[in-house]
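In listed order, ligands and their atoms are each counted from 1.
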Amino acid sequence: MKSQDIRKAYLQFFESKNHLIVPSAPIVLKDDPTLMFNNSGMAQFKEYFLGNGTPKSSRIADTQKCLRVSGKHNDLEDVGFDTYHHTMFEMLGNWSFGDYFKKEALAWAWEFLTEVLKLDKDRLYVSVFEGNPSENVPFDQEAFDIWKQYVPEDRIILGNKKDNFWEMGDQGPCGPCSEIHIDLRTDAERAAVSGRSLVNADHPQVVEIWNNVFMEFNRKADGSLEKLPAQHVDTGMGFERLCMAMQNVTSNYDTDVFTPLIAKIEQITRLKYTSNEVKNISEEQNKINIAIRVIVDHARAVAFAIADGQLPSNTGAGYVIRRILRRAIRYGFTFLDTKEPFIYKLVEVLAHQMGEFFPEIKSQQNLVTNVIREEEASFLRTLEQGLQLLDKVVAETSGKEVSGAKVFELYDTFGFPKDLTALILKEKGYSYNEEDFEAELQKQKARSRAASEV
Ligand code: SER
């Protein structure tokens, strides 16, 4: 099944359960001081959970563009190195605002996965919250009993607060959750090691696909929990992971969400990406694969953020976007030998592929293309010089820790984000002194304050 059809099937299913289908909210949040980007489907509905407004319908479903690159949910450094984390991803979600609760949410999730999509029940595991006495939240007996109607008991896993109590951020609506995991390993692998033991163990083929959150609390600024005025449901399913399961592949990057973008990079660089099914690849090929994954992932994140109005800049959300793009440029520069702007060429592919569902990427295609091309050109100009300087710094360093002042100089003079420098240093087996970096940064801030007061 093609990714476009999987998305449609989900929305049609929840439409048939009387949900109002709404468009994705923009990826960038302009009016929530606790969050820079939409990091989950529920962010746009936060006020309804808190009881501060009334939604158009008590049942809503959509697919939400999410970005997890800052704050509590931050996957940036994993991206490219594994096959199932992303900066930007789509989250399919259905919501009940004081309407249905656990019984319907779990029954529909099971129906959609096993009857509509016909995923193999034997590959699915579910989890429920084990409870947390110190916060006075009990074991979720109700969810456990509901699951027992559909799933053998040995496939129901009890999870702790980290895995089974979902929170939006340090503050905000939250509650116990029940996740659905899928085991995509081969039959032989499944016979040898039980999937149950691999749930929540960072196995790339035993992954969470759907989270059903039962919103009952609000986490307040002082850390305490207060009961919300009503009980709600907030579900989120990782679209790219679902596509992986449906397309019988073992990497999100081998689904048709990513393959057109990868094909474009192959065409531009004349290098080859190898799918996750190809084993025993060379170290060099592995580096090429990582770089290509980084670039296709980051291109999507940056393109959608710009289409939604967030230009790269030197502060706040704009700086996050700039950093993501620079990470992609640097991977291309070092591992794909791309010395000219090229990432902007992926925008056309993206617009073609996703424009039907996300019209903003089509309507903003020219702007997005131009902004990315300009950013690439300007960062490439400094990248070469900066990398040479970094090599020199490393050569002059005795021991394995580079001075924070040098890392600051790279940041200040060449616009190298410190996490980019840290990453390059890590690859070379070095670290840097964070305290010295901060001290230099503070000194510079004091200098510019003094200058602006003159
Ligand atoms: N808010 C939950 C999550 O992001 C479910 O949508 O996982």
Side-chain angles (χ1 to χ4, degrees), residues 7 10-11 13-14 19 21-22 24-25 27 29 32 34-50 55 59-76 78 84-97 99-102 104-106 108-110 112-113 125-129 137 140 143 157 159-182 199-200 202 207-219 225 228 231-242 252:
R7 194 192 280 118
Y10 174 83
L11 296 174
F13 177 79
F14 280 97
H19 286 62
I21 309 302
V22 301
S24 169
I27 210 163
L29 287 168
D32 186 340
T34 67
L35 213 57
M36 266 183 198
F37 301 104
N38 253 312
N39 65 357
S40 60
M42 57 76 69
Q44 66 164 318
F45 305 122
K46 179 178 162 186
E47 294 305 315
Y48 303 146
F49 291 125
L50 295 173
R59 297 179 181 190
I60 284 181
D62 72 7
T63 181
Q64 172 66 47
K65 298 168 285 184
C66 298
L67 199 55
R68 290 197 170 172
V69 287
S70 58
K72 184 173 166 64
H73 299 283
N74 184 351
D75 294 330
L76 181 60
D78 289 325
Y84 62 106
H85 277 102
H86 300 290
T87 53
M88 183 204 142
F89 61 97
E90 274 180 66
M91 192 182 267
L92 303 170
N94 53 286
W95 288 274
S96 152
F97 303 102
D99 188 323
Y100 61 86
F101 205 44
K102 299 182 188 183
E104 295 85 346
L106 299 182
W108 290 338
W110 194 251
F112 180 67
L113 292 179
Y125 292 84
V126 300
S127 66
V128 300
F129 185 46
V137 185
D140 195 346
I157 294 157
N160 61 17
K161 191 174 152 190
K162 179 178 146 282
D163 292 321
N164 282 86
F165 192 90
W166 197 85
E167 312 208 26
M168 182 182 184
D170 293 334
Q171 296 175 47
C174 54
C177 60
S178 179
E179 297 177 342
I180 304 175
H181 296 251
I182 191 158
V199 166
N200 281 329
D202 288 334
V207 292
E208 175 199 338
I209 47 171
W210 202 342
N211 190 9
N212 281 251
V213 185
F214 310 117
M215 291 288 186
E216 293 180 74
F217 303 103
N218 180 25
R219 175 81 64 191
L225 290 179
L228 289 172
Q231 292 179 319
H232 314 281
V233 171
D234 154 33
T235 92
M237 176 148 56
F239 174 65
E240 297 77 11
R241 290 183 185 181
L242 181 65
N252 289 359

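- Residue-level proximity to ligand 1 for Asn212 is absent, since no heavy atom of it falls below 4.0 angstrom.
- Short contacts between ligand 1 and Thr235, defined as distances under 4.0 Å to a heavy atom of the residue, involve ligand atoms 5 (C), 6 (O).
- The aromatic rings of Phe97 and Phe49 sit tilted relative to each other, their planes meeting at an angle between 30° and 60°.
- Looking at ligand 1, you'll find an N or O of Asn211 within less than 3.5 Å of one of its N or O atoms.
- Checking side-chain atoms of Glu90 against main-chain N and O of Glu240 turns up no donor-acceptor pair under 3.5 Å.
- Residue Arg68 places a heavy atom less than 4.0 Å from ligand 1.
- Taking distance alone, with nitrogen or oxygen atoms compared against 3.5 Å, Asp234 approaches ligand 1 more closely than that limit.
- Remark: the backbone N or O of Pro176 is not paired with any side-chain donor or acceptor of Glu216 at under 3.5 angstrom.
- Close contacts between ligand 1 and Ser40 involve ligand atoms 4 (O) [criterion: under 4.0 Å to a heavy atom].
- Close approach of ligand 1 to Met42 (heavy-atom distance below 4.0 Å) involves ligand atoms 1 (N).
- A donor-acceptor contact closer than 3.5 angstrom links the side chains of Thr235 and Asn94.
- Each of the following atoms of ligand 1 lies closer than 4.0 Å to a heavy atom of Val213: 2 (C), 5 (C).
- Ring-centre distance between Tyr100 and Trp108: below the 6.0 Å cut-off.
- In the vicinity of Gly236, heavy-atom distances shorter than 4.0 Å reach the ligand 1 atoms 5 (C), 6 (O).
- Considering backbone and side-chain atoms alike, Met91 places every N or O at 3.5 Å or more from each N or O of ligand 1.
- Formation of a donor-acceptor pair under 3.5 Å by the Ser178 side chain with backbone atoms of Asn212 is not found in this model.
- By the 30° and 60° cut-offs, the orientation of the rings of Phe112 relative to Phe14 is tilted.
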